[in-house]
There are 2 protein chains.
Amino acid sequence: MQTLIQHWSAAIRDKDIEAIMAYYDPEIVAYDAIIQLQFKGIEAYGKHWEFCLGMCPGPMIFEQSELVVHGDQQLAFAHWLNSCGGADEKGEMKSSWMRASAGFRRTAEGWKAVHEHFSAPFDMESGKALFDLKP
Amino acid sequence: MQTLIQHWSAAIRDKDIEAIMAYYDPEIVAYDAIIQLQFKGIEAYGKHWEFCLGMCPGPMIFEQSELVVHGDQQLAFAHWLNSCGGADEKGEMKSSWMRASAGFRRTAEGWKAVHEHFSAPFDMESGKALFDLKP
């Protein structure tokens with residue numbers, strides 16, 4: 001599972017949409033950190049990924065920390081902290097820590113992510129997402 | 001799993017901290033919607049639950065929608081949209097939709113949640129959590 005997640009992360013940093021989407025099951029239900037409550041199915045989530053990659057024209061940071069995997073023969077779930085970032089307008093790399101959870105099923109095409117959840121926690125008083133938290 | 005989640009939700013609405021915490025494994029790693037990146041272990045998460053319940057002195061809304069469960073004999077994970085709310089200063093009930101993911105293991109004490117992730121997506125321009133999204 002660790003290798004699967006590492007390959008997918010490399011595909012994200014390479015902005016290789018085909019390799020990114022090969023990680024997902026057609027029936028993926030995703031809760032992304034931004035914009036919508038949920039994305040249902042690989043077509044909707046693929047469009048969202050293309051939108052997200054379009055926002056990051058330069059080099060990207062996308063790395064895992066504190067990965068925990070629970071798995072057996074047919075089913076697995078994992079969670080980790082994800083360092084996400086990219087170059088700002090001045091070309092300086094900026095990143096923040098997000099939280100990620102994922103669920104996987106073994107299929108005829110190998111392990112596929114059927115669920116994904118990315119988020120940043122928010123501050124209750126301001127209602128703003130907290131981007132400066134450290135593990 | 002649906003019944004387990006329903007009993008836990010009833011315990012939350014009843015503000016029964018003992019019944020809420022009986023749902024979790026001692027090694028729970030939780031990503032809550034607010035304040036911190038993560039909570040590790042039942043003691044830290046129990047303190048956070050007490051803090052959260054303390055913020056809601058009146059009646060609470062805590063209901064599931066669109067629950068999906070993937071499970072086998074020893075392992076399960078689930079995700080759903082969660083309507084969360086309570087009475088405001090004028091006594092009016094207000095709620096918003098959050099996203100929830102959870103992972104479970106069968107233990108000697110029955111099924112226990114070993115992972116939990118709650119969040120609201122945020123708006124990229126304002127950085128603010130989005131509380132008015134509907135499923």
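All chains are named by letter (A, B, ...) in the order of the sequence lines, taking the proteins before the strands, and each is independently numbered beginning at 1.
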**OP:** Indicate, with yes or no, if Met1(B) and Phe118(B) share a hydrophobic cluster defined by side-chain heavy-atom contacts under 4.5 Å among Ile, Leu, Val, Met, Phe, Trp and Tyr.
**Re:** yes

Original post:
Side-chain contact, heavy-atom cut-off 4.5 Å: Lys40(A) with Glu66(B)?
Top reply: yes

Original post:
Is it true that atom CD of Glu27(B) has more than 12 heavy atoms of other residues, nucleotides or ligands lying nearer than 6.0 Å?
Top reply: no

Original post:
Cluster question for you: counting only ILVMFWY and a side-chain heavy-atom cut-off of under 4.5 Å, with indirect links fine, are Met21(A) and Ile5(A) together?
Top reply: yes

Subject >> Toward chain B: residues of residues 119-135 of chain A with heavy atoms under 4.5 Å >> reply: Ser119(A), Ala120(A), Pro121(A), Phe122(A), Met124(A), Ser126(A), Gly127(A), Lys128(A), Ala129(A), Leu130(A), Phe131(A), Leu133(A), Lys134(A), Pro135(A)

Original post:
By number, which residues in residues 84-109 of chain B have some heavy atom less than 4.5 Å away from chain A?
Top reply: Trp97(B), Met98(B), Arg99(B), Ala100(B), Ser101(B), Gly103(B), Phe104(B), Arg105(B)

Original post:
Are Tyr31(B) and His79(A) near enough that their ring centres are under 6.0 Å apart?
Top reply: yes

**OP:** Could you tell me which non-hydrogen atom of Leu75(B) sits nearest to which non-hydrogen atom of His70(A), and how far apart they are?
**Re:** CD2-O, 3.7 Å

Subject >> Gln74(A) atom CD, over 12 foreign heavy atoms within 6.0 Å >> reply: yes

Original post:
Heavy-atom distance under 4.5 Å to chain A: side chain of Gln36(B), backbone, both or neither?
Top reply: backbone

Original post:
Are Val69(B) and Trp8(B) linked, directly or through other ILVMFWY residues, by side chains that come within less than 4.5 angstrom of each other?
Top reply: yes

Original post:
Can you tell me how far CG of Leu81(A) sits from CD of Gln38(B), rounded to the nearest 0.5 angstrom?
Top reply: 4.5 Å

**OP:** Spell out, yes or no, whether Val29(A) and Phe77(B) are grouped together once hydrophobic residues are joined by side-chain heavy atoms under 4.5 Å, including indirect joins.
**Re:** no

Original post:
Same hydrophobic cluster for Ile42(B) and Trp111(B), using side-chain heavy-atom links shorter than 4.5 Å among ILVMFWY?
Top reply: yes

